[in-house]
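Structure, as structure tokens:
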Amino acid sequence: MSSEAGITNMELPDAYYRRLFSLIPARSLQSVISELSSVWCEATGADAVYLGVFESEPQKLTAGLFRSDQQNETECFIKESIQVSNDCSIKEQALSVFGQGRSFPLISQEPFDFFSIPGTPMDLAGIFLFSPTRVTEELPLISQLIQLSQRLLVQVIELRTRSVPAPAKRESVETDLGKTLATERRIFPSTDKLEAMAEFAAGAGHEINNPVATIVGRVQMLLKGETDPDRRQSLATIGGQAYRVRDMIGDAMLFARPPDPRPVSLNFQSVTQEVLSSLSREISHSGVQVSVEISELHSIWADEIQCKVVLSNLILNSLNVLESGGHVRIVSEEITTDTQRVLQIRVIDDGPGLTEEEKVHLFDPFYSARQAGRGLGFGLSKCWRILSLHGGLIEAENNVDCGVTFHLFWPAENPSGSSTVSE
């Protein structure tokens with residue numbers, strides 16, 4: 001991390017999201033801390049990262065230490081009988097607690113920044129980032145890392161301390177909207193098939209990750225002592241392909257076991273503008289015009305990160321298939337059913353549309369016979385998964401003239417009717 005200015009506008013790359021979401025469902029606190037430590041260090045370019053969770057019952061610090069000069073070697077440890085003083089700030093408490101685990105001067109001579117990780121099951125959790133460059137929580141990269149760390153750590157502690165009941169069946173807008181939304185042109189995800197593929201991906205992902213991690217580790221070990229340029233190139237190729245497999249498995253695991261959404265009331269116009277801002281480079285390079293027709297009064301009951309994942313995937317899906325000069329429209333309309341308000345979102349492109357074969361396999365993961373760029377990977381299947389978790393629907397249809405329209409039906413308000421603060 002050469003300078004703060006260099007990461008001011010940087011956001012966390014998708015590869016890191018895939019790595020972290022591949023841990024879900026999170027079962028081992030130490031494995032989560034190990035991966036989080038390495039991701040923090042690699043993503044920020046820090047000299048070292050010291051990440052820990054302190055639990056008062058019993059008084060125990062579980063921590064991980066990752067140094068940039070020791071790639072793929074996270075030191076995880078548990079320190080018991082920690083002494084803590086509650087009459088000081090969170091940072092001062094963390095300095096005392098973490099310092100009892102490892103001596104800071106022995107970790108790195110660089111200055112450090114501390115970032116607290118909030119979470120109900122955790123008495124104290126945070127990260128000490130050792131780097132010559134000072135950074136703050138306001139930077140997009142740091143705020144995203146904090147948010148992801150919080151989700152993973154809270155989940156693993158909750159799962160460890162109590163048996164998690166099966167999630168209550170969410171009221172789906174499908175019951176209310178019913179057949180009134182269906183047309184002959186509509187393309188629906190095959191729920192049974194996608195559920196079966198998700199179960200397979202969840203089981204196979206864990207099994208494949210283990211040998212891939214071994215390959216990556218051995219490659220890094222061999223690279224340290226290899227001086228022959230040709231052999232180093234061969235090892236780098238092996239490592240690159242192994243990382244590619246890991247990223248693919250990360251996508252599969254995210255599709256199979258996404259984190260439970262934490263919905264709040266969001267202004268949909270603001271969320272859409274933030275997504276378009278994050279995709280500004282891709283939009284500019286594509287030469288495609290993107291227009292928005294969304295009322296500033298429209299709200300959506302959604303997990304902000306997951307909502308942005310859906311919108312980003314659908315917009316990129318259109319950008320990848322359109323030629324320069326093409327057009328993408330994002331339109332929203334509020335629908336009132338017997339029991340709730342629903343926001344209908346349409347993402348419309350004027351591309352070549354879908355073939356008959358593509359209609360059948362549109363939402364299938366890794367369907368390779370599609371048009372180049374449209375829906376490859378788990379993009380559309382992840383969209384279906386996220387909409388399902390929110391009690392919503394996703395459909396697609398070929399437009400009458402040209403192109404494709406994706407229809408999203410998303411709750412516009414909390415189905416339970418309880419009050420909440422808008423984001």
Side-chain angles (χ1 to χ4, degrees), residues 1-7 9-23 28 30-51 64-77 102 106-110 112 127-133 135 141-142 144-145 148 204-254 281-282 285 366 368 372-373 376-378:
M1 187 165 49
S2 59
S3 67
E4 180 177 341
I7 66 167
N9 298 314
M10 182 187 296
E11 297 194 353
L12 189 66
D14 290 343
Y16 291 115
Y17 275 99
R18 290 194 289 268
R19 281 176 61 179
L20 295 179
F21 282 139
S22 69
L23 298 171
S28 167
Q30 286 182 277
S31 65
V32 169
I33 285 177
S34 175
E35 192 67 15
L36 282 173
S37 300
S38 63
V39 166
W40 269 85
C41 199
E42 293 172 21
T44 62
D47 184 65
V49 165
Y50 185 11
L51 186 152
L65 184 59
F66 192 94
R67 298 177 176 85
S68 60
D69 60 350
Q70 297 178 10
Q71 292 293 329
N72 299 310
E73 295 181 13
T74 306
E75 177 191 355
C76 284
F77 60 91
R102 288 291 182 271
L106 297 180
I107 296 174
S108 173
Q109 295 301 312
E110 299 290 353
F112 55 79
I127 302 103
F128 282 95
L129 189 69
F130 295 81
S131 171
T133 302
V135 294
L141 178 68
I142 300 300
Q144 289 165 7
L145 283 169
L148 287 170
H206 285 295
E207 295 300 321
I208 297 173
N209 261 339
N210 291 332
V212 169
T214 300
I215 294 170
V216 169
R218 295 289 183 179
V219 166
Q220 293 295 329
M221 185 183 301
L222 292 170
L223 277 171
K224 288 182 179 179
E226 184 58 66
T227 58
D228 182 86
D230 292 336
R231 291 181 179 177
R232 288 189 63 84
Q233 180 60 48
S234 296
L235 288 170
T237 300
I238 295 171
Q241 293 303 308
Y243 278 119
R244 183 183 177 194
V245 172
R246 187 183 67 178
D247 289 346
M248 292 166 63
I249 295 302
D251 259 342
M253 295 300 294
L254 177 56
R281 179 177 299 179
E282 289 85 351
H285 288 173
F366 289 135
S368 59
L376 297 178
F378 284 88

Practice prompt. Would you give the length of the straight line joining atom CZ of Phe130 to atom OG of Ser108, rounded to the nearest 0.5 angstrom?
Written response: 6.5 Å
Discussion item. Please verify the inter-ring angle class for Phe128 with Phe112; under 30° counts as parallel, over 60° as perpendicular, anything in between as tilted.
Written reply: perpendicular
Discussion item. As an exercise, state the distance from OG of Ser37 to CD of Glu42, rounded to the nearest 0.5 Å.
Written reply: 10.5 Å
Discussion item. Once side-chain contact (heavy atoms from CB on, under 4.5 Å) is applied, do any residues pair with Gln30, and if so which ones, sequence neighbours excluded?
Written reply: Ser28, Thr62, Cys76, Ile78
Worksheet item: Rounded to the nearest 0.5 Å, how far does CZ of Arg218 lie from CG of Leu223?
Response: 13.5 Å
Item to complete: Taking all heavy atoms of Thr74 and all of Ser38, pick out the closest pair and write down the distance.
Response: OG1-CB, 4.3 Å
Item to complete: Name all residues meeting the side-chain contact (heavy atoms from CB on, under 4.5 Å) criterion together with Leu222; count only those two or more places apart in sequence or in a different chain, and write none if there are none.
Response: Leu235
Worksheet entry | All side chain to side chain donor-acceptor pair (under 3.5 Å) counterparts of Glu75, not counting sequence neighbours | Arg102
Worksheet item: Under the side chain to side chain contact (heavy atoms under 4.5 Å, CB included) criterion, do Trp40 and Leu51 qualify, and how do the steps go?
Response: CA-CA 9 Å; Trp40 269 85; Leu51 186 152; 4.2 Å; yes
Worksheet item: Given Val216 and Tyr243, is the side chain to side chain contact (heavy atoms under 4.5 Å, CB included) satisfied, shown in steps?
Response: CA-CA 7 Å; Val216 169; Tyr243 278 119; 3.4 Å; yes
Worksheet, complete the sentence: When rounded to the nearest 0.5 Å, the distance separating CG of Leu129 from CD1 of Ile142 is 6.0 Å
Fill in: Residue pair Leu145 / Thr44, side-chain heavy-atom distance below 4.5 Å
yes
Worksheet item: Any side-chain heavy atom of Asp47 within less than 4.5 Å of one from Ser131?
Response: no
Discussion item. If you define the side chain from C-beta out and look only at heavy atoms, does anything of Ile107 sit under 4.5 Å from Leu65?
Written reply: yes
Discussion item. Could you measure the distance from the SG atom of Cys41 to the CD1 atom of Ile127? Nearest 0.5 Å is fine.
Written reply: 12.5 Å
